[in-house]
Chemist: 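Structure below; questions to follow.
Worth saying up front: this structure is predicted, and the values here are computed from it rather than measured. Letters go in sequence order (proteins before strands), and every chain restarts at 1.
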Amino acid sequence: MTHSENIDSETIYKTDALIAEDIDAYLEAHQHKTMLRFITCGSVDDGKSTLIGRLLYDSKMIFEDQLATLEADSKKVGTQGQEIDFALLVDGLAAEREQGITIDVAYRFFATEKRKFIVADTPGHEQYTRNMVTGASTADLAIILIDARQGILTQTRRHSYLAHLIGIKHLVVAVNKMDLVDYDQAVYDEIIADYAAFAREIGIEAFTPIPISGLAGDNITSKSTHTPWYDGPALVEHLENVEVMATANQAKPLRMTVQWVNRPNLDFRGFSGQIASGTVRPGDEVRVLPSGKTSTVKRIVTMDGDLDEAVAGQSVTLTLAEEIDCSRGDVIAAADAPPQVADQFESTIVWMDEAELLPGRSYWMKIGTQFVSVTVQSPKYQVNVNNMEQLAAKTLELNGIGVAEIATDRPIIFEPYEDNRDLGGFILIDKISNATVAAGMLHFCLRRSQNVHWQDVDIDRAAHALQKRQEPRVVWFTGLSGSGKSTIANMVEKRLHALGKHSFLLDGDNVRHGLNKDLGFTDADRVENIRRIGEVAKLMADAGLIVLTAFISPFRAERQLVRSMLPEDEFIEIFVDTPLSVAEERDVKGLYKKARAGELKNFTGIDSDYEIPENAEMRIDTTKMSPEEAAEIIVDKIVGSWSYTI
Amino acid sequence: MQNSATATPLTHLQRLESEAIHIMREVAAEAENPVMLYSVGKDSAVMLHVAKKAFFPSPPPFPLLHVDTTWKFQEMYRMREKAAKDAGMELLIHQNPEAKERGINPFDHGAVHTDMWKTQGLKQALDHYGFDAAFGGARRDEEKSRAKERIFSFRSANHRWDPKNQRPELWKLYNTQKAKGESIRVFPLSNWTELDIWQYIHLENIDIVPLYFSASRPTVKRDGMLLMVDDERFRFEEGEEAVERSIRFRTLGCYPLTGAVESEATTLPQIIQEMLLTTTSERQGRAIDHDQAASMEKKKQEGYF
């Protein structure tokens with residue numbers, strides 16, 4: 001064997017002695033070990049399998065019979081001549097071993113004094129981006145292997161980009177095969193300087209460089225005497241000390257995705273799930289999403305007795321003090337800091353299937369324990385993983401990575417992937433083949449309105465309406481300036497008032513002096529003007545009022561928007577139809593005159609369009625009926641529609 | 001709110017347990033008709049224990065299935081009944097009727113014994129009950145081909161495993177969608193090592209078959225293997241006779257195929273101590289994968305668990 005014996009390996013694995021002398025003490029120590037998951041990335045010849053084989057070998061994870069098989073295999077198919085080929089320890093499937101290349105993600109295990117490690121071994125082969133992303137998705141740390149003789153290669157950039165993309169916070173840049181460059185510091189320094197420049201470019205904030213030799217064992221379990229110029233930690237020492245993600249997640253607000261509702265009998269109703277972030281204690285106030293209802297944690301139930309506290313990473317069953325609806329797919333969150341709910345997002349998508357992405361097609365999406373239909377738009381751009389260039393793209397093919405907007409068929413509970421992998425990472429599933437076709441990461445939602453969390457209230461809109469003994473309505477008058485909207489709306493309100501109805505009139509002048517005084521009369525401002533009025537009208541309807549609005553509201557789309565905010569039948573659109581010539585002739589406020597004179601810009605009917613309603617509930621032809629007559633018909637329509645219920 | 005500096009990290013066993021619980025709950029929520037394969041061994045004991053924790057105070061919402069070869073150790077049969085009863089779970093037992101009729105046994109039929117009783121027997125049972133998801137206690141550290149197997153491993157309608165066509169498994173998002181007739185093998189203990197299993201049994205005080213502990217038992221040495229004479233069906237070859245030795249088993253299967261080790265370990269810490277100081281891997285005690293390095297992979301493609 002060419003590898004030097006690691007004199008210091010006993011300091012890392014000194015428990016060997018303890019096993020023989022005091023097994024109880026050993027077990028006590030082993031029991032308190034933490035766990036770190038990491039991924040190794042490198043090209044075919046960077047010595048990745050050799051490094052992993054070395055880590056397993058040094059931690060005594062290889063038994064004699066395995067070693068015998070290894071020695072036999074090394075001679076048969078090994079690449080190290082008569083020497084032991086550590087790579088054979090980790091290259092699993094028969095088909096791959098014959099090709100001499102790993103083609104999938106394999107998981108390996110070893111342990112030191114402080115920690116148990118799970119290594120995801122992923123291939124460096126060109127076409128297997130999907131395998132690396134898969135292996136990286138559960139990793140706390142990534143080791144980027146660089147061959148000291150080669151320096152930074154295209155693959156190095158690609159692996160670093162992917163590790164960064166998947167949100168791995170701890171990057172180790174291991175410059176391998178230092179023995180083959182005579183442990184030359186200058187070679188190492190140059191590679192690290194190159195890497196630092198590249199890392200800055202793609203937004204990697206920090207990384208840990210280590211000069212190693214997997215084959216010779218330098219700076220793996222202990223500091224090598226061959227690199228006196230290196231003053232950082234040996235690889236294993238570093239792996240033992242970085243903070244794992246699950247621990248860091250404890251500091252964030254509580255999120256638990258509900259997997260399963262536990263109902264052994266009528267007296268017990270528990271919500272089972274794994275805590276994604278934060279901590280929880282009995283007595284904590286929580287909010288269940290998407291309903292928004294709040295409750296208090298009553299118990300944290302386990303088979304070993306109730307817990308006083310549970311933290312991120314633990315699988316628990318919670319019971320709540322109040323009986324509220326909660327089922328699989330819901331999220332139990334800190335009451336004062338709940339996650340967002342939305343249905344349109346910008347996301348990064350890694351395509352993993354032979355069949356390319358079909359924009360517009362409906363796929364299944366699994367995110368946390370939520371399962372919804374989703375459509376993906378054409379990517380905004382695709383990323384060339386070799387040089388991080390953004391390219392135009394209409395679709396994504398196998399191993400393609402792109403940024404695209406996606407829309408779910410119902411609102412989902414989410415957090416940006418950077419903040420929470422459990423609520424921001426998703427997979428897409430083909431509805432016919434059932435294959436997992438993509439992995440994705442949500443960045444942000446596209447509809448601002450969805451950022452506002454729905455405050456759950458006990459006195460709901462039905463209660464408000466019932467107290468007023470009426471059904472809420474939004475009666476929306478639309479028509480040209482001077483068509484008679486305000487006049488008619490005023491009369492309608494007077495009659496409603498006389499009938500004992502609770503109403504409120506929003507009109508152009510009073511709203512524009514307050515709520516909307518920052519808005520002008522451009523098309524964009526008109527759209528925003530109507531949107532705000534719509535929201536206010538909706539709130540008033542929620543309060544149980546009959547809301548009358550008198551605005552020109554020239555665009556169909558905005559009137560439709562307001563209609564869509566309200567329950568069916570609550571929105572009554574009334575087109576006050578007065579021909580432009582008649583309105584201009586009336587010109588009660590003298591506005592047409594000013595507009596014609598060019599003193600008023602963007603005046604509806606003159607130099608701004610009025611889109612005539614196509615499906616208004618009522619049309620009032622003011623050339624054929626008086627305002628009084630119109631008001632009477634409208635009141636009949638409003639009150640008549642529910643009078644039989646009173 | 002505490003910051004991460006003061007946070008308590010979970011131990012590796014806590015995280016492994018939590019992961020296994022999460023996996024079991026996903027299956028319970030998404031599969032139509034799940035089952036837990038129960039082989040009575042130490043891995044099954046851990047898997048069953050975790051299942052009890054996952055669904056407490058409910059009993060696990062699926063039955064246990066033992067694919068029986070009729071050649072297991074007598075102590076295993078006793079443990080099987082007790083474990084199911086303690087867990088409050090239904091116990092299903094399947095014995096391949098064809099193998100029974102033809103009197104297939106490990107003495108006369110070698111590999112055919114394993115194929116008919118275990119591989120064919122398992123397929124029959126899954127088809128008979130229409131199970132679409134089956135938990136198994138396999139671990140990735142057991143053998144090289146297992147290291148690359150997914151936690152959710154798909155089987156075609158005729159139970160074949162295609163190592164080239166596995167679904168990528170990201171984060172903790174498991175895709176359980178499948179076509180009619182297809183099924184999933186689920187391995188919640190994938191990331192556990194043999195040491196983890198023993199340590200967990202120790203910590204959680206889990207009841208295991210007494211054969212794991214050393215005792216004086218009647219044995220025969222044959223082809224380098226130490227076999228136990230468990231019942232009157234044992235066939236002595238010429239010149240053989242039962243010799244009392246202090247032995248225990250590192251794995252359990254059909255008694256005529258399972259090699260014992262000479263040992264004085266009568267407590268769990270002593271077993272763990274022996275395991276850690278030993279120089280042969282666990283599977284060496286199983287006659288099944290001695291033939292060639294890639295034999296396990298071949299068996300799995302054919303439908304062996």
Chemist: Go through the atoms of B/L203 and report whether side chain, backbone, both or neither lie under 4.5 Å from a heavy atom of chain A.
Modeler: side chain

Chemist: How long is the span from the CD1 atom in A/I429 to the OG1 atom in B/T176, to the nearest 0.5 Å?
Modeler: 7.0 Å

Chemist: Pair B/H22, A/T257 - check side-chain contact (heavy atoms from CB on, under 4.5 Å), show working.
Modeler: CA-CA 11 Å; B/H22 175 262; A/T257 56; 5.8 Å; no

Chemist: Which bit of A/I432 comes within less than 4.5 Å of chain B, counting heavy atoms only: side chain, backbone, both or neither?
Modeler: neither

Chemist: Taking B/Y174's backbone N and O only, do any of them form a donor-acceptor pair with A/K366's side chain (distance below 3.5 Å, no angle check)?
Modeler: yes

Chemist: Would you say A/Y107 and B/S190 make side-chain contact, with heavy atoms under 4.5 Å?
Modeler: no

Chemist: Using only heavy-atom distances, determine whether the side chains of A/Q314 and B/Q14 contain a donor-acceptor pair under 3.5 Å.
Modeler: no

Chemist: Keeping A/Q259 on the side-chain end and B/A29 on the backbone end, is there a donor-acceptor pair under 3.5 Å?
Modeler: no

Chemist: So what's closer than 4.5 Å to chain A heavy atoms on B/E19: side chain, backbone, both or neither?
Modeler: both

Chemist: Tell me, side chain or backbone of A/V133 under 4.5 Å from chain B's heavy atoms, or both, or neither?
Modeler: both

Chemist: Under a 4.5 Å cut-off applied to non-hydrogen side-chain atoms, are A/K116 and B/L195 in contact?
Modeler: no

Chemist: What part of B/P59 lies closer than 4.5 angstrom to a heavy atom of chain A: side chain, backbone, both or neither?
Modeler: neither

Chemist: Looking at every heavy atom in both A/S137 and B/L170, which two are closest together, and how far apart are they?
Modeler: OG-CA, 3.4 Å

Chemist: Out of curiosity, B/R139 CZ to A/F109 CZ, how far, rounded to the nearest 0.5 Å?
Modeler: 9.5 Å

Chemist: Looking at every heavy atom in both A/G273 and B/R25, which two are closest together, and how far apart are they?
Modeler: N-NH1, 3.2 Å

Chemist: Quick one: of B/K52, B/K53, B/E182, who has the most non-hydrogen atom pairs under 4.5 Å with chain A?
Modeler: B/K53

Chemist: Go through the atoms of A/T34 and report whether side chain, backbone, both or neither lie under 4.5 Å from a heavy atom of chain B.
Modeler: both

Chemist: With distance as the sole test, does B/T11 use its side chain to make a donor-acceptor pair with the main-chain N or O of A/H32 at under 3.5 Å?
Modeler: no

Chemist: Search all heavy atoms of B/N175 against all heavy atoms of A/A435 and return the closest pair with its distance.
Modeler: ND2-C, 3.8 Å

Chemist: Does atom CG (B/D223) have a neighbourhood of more than 12 heavy atoms from anything else shown, all under 6.0 Å?
Modeler: no

Chemist: Do any N or O atoms from the side chain of B/R15 and from the backbone of A/M35 form a donor-acceptor pair under 3.5 angstrom?
Modeler: yes

Chemist: Which atom pair, heavy atoms only, marks the closest approach of A/N262 to B/F56?
Modeler: ND2-O, 2.9 Å

Chemist: In terms of heavy-atom proximity below 4.5 Å to chain B, should A/A312 be classed as side chain, backbone, both, or neither?
Modeler: backbone

Chemist: Hey, which of B/E26, B/Q270, B/E169 has the most heavy atom pairs under 4.5 Å with chain A?
Modeler: B/E26

Chemist: How long is the gap from CD1 on A/I367 to CH2 on B/W171, to the nearest 0.5 Å?
Modeler: 9.0 Å

Chemist: Based on non-hydrogen pairs under 4.5 Å, which of A/D304, A/D353, A/T369, A/D24 is most in contact with chain B?
Modeler: A/D304

Chemist: To the nearest 0.5 Å, how far apart are NZ in B/K172 and CG in A/D422?
Modeler: 3.5 Å

Chemist: Classify the side-chain pair A/T134/B/R150 by whether it contains a donor and acceptor separated by less than 3.5 Å.
Modeler: no

Chemist: For chain B, find which of A/S433, A/S315, A/P264, A/S272 contributes the most heavy-atom pairs closer than 4.5 angstrom.
Modeler: A/S315

Chemist: Is a side-chain donor or acceptor of B/R167 paired with a backbone partner of A/N434 at a separation under 3.5 angstrom?
Modeler: yes

Chemist: CZ of A/R37 to NE2 of B/H12: how many Å apart, nearest 0.5 Å?
Modeler: 13.5 Å

Chemist: Which answer fits B/Q273, side chain, backbone, both or neither, if we ask what part of it has an atom under 4.5 Å from a heavy atom of chain A?
Modeler: both

Chemist: Considering non-hydrogen atoms only, spot the tightest contact between A/T247 and B/P9 and give its length.
Modeler: OG1-CB, 3.6 Å

Chemist: Please round to the nearest 0.5 Å and tell me the distance separating atom CG of A/L56 and atom CG of B/D141.
Modeler: 10.5 Å

Chemist: Less than 4.5 Å to any heavy atom of chain B: does that hold for the side chain of A/I118, its backbone, both, or neither?
Modeler: side chain

Chemist: Would a 4.5 Å heavy-atom cut-off, applied to side chains only, mark B/H49 and A/M303 as touching?
Modeler: yes

